[in-house]
Amino acid sequence: MSRLRPRDVRAMAFWLASSLAMLVAVYLASHSVIAAAALVAAYNSWLLTRPRMKRVFKRLRGETVDFSSYYQD
């Protein structure tokens, strides 16, 4: 089992905290559970496709992270 790095824990904590904050804020602003869920789902789909989060979840699965294409010439 791979060991989580502190920056991975911070990235996951940011993801969860910001998603929860957005859910509460949108619900309080619109009083609609559907709108809040839709906006949080869109936010999560954007955030979880960022390169950092992709690397975090690869490390959680135990895969090696390949940086060969990290810098483009």
Identify the two heavy atoms, one from Ser32 and one from Ala35, that lie closest to each other, and give their separation to 0.1 Å. OG-N, 3.2 Å
So how far is it from Arg5 CZ to Arg10 CZ, rounded to the nearest 0.5 Å? 10.0 Å
Donor-acceptor contacts, no H, no angles, side chain residues 16-29, under 3.5 Å, sequence neighbours left out:
| residue | atom | partner | partner atom | Å |
| --- | --- | --- | --- | --- |
| Ser18 | OG | Phe14 | O | 2.7 |
| Ser18 | OG | Trp15 | O | 3.3 |
| Ser18 | OG | Tyr43 | OH | 2.8 |
| Ser19 | OG | Trp15 | O | 2.8 |
| Ser19 | OG | Asn44 | OD1 | 2.6 |

Do you know the tightest heavy-atom contact between Lys54 and Leu48? CG-O, 4.1 Å
Search all heavy atoms of Met53 against all heavy atoms of Leu47 and return the closest pair with its distance. CG-O, 3.5 Å
Within this structure, what is the CG-CZ distance for the pair Asp8 and Arg55, rounded to the nearest 0.5 Å? 9.5 Å
Heavy atoms, side chains only, cut-off 4.5 Å: are Met12 and Leu60 in contact? yes
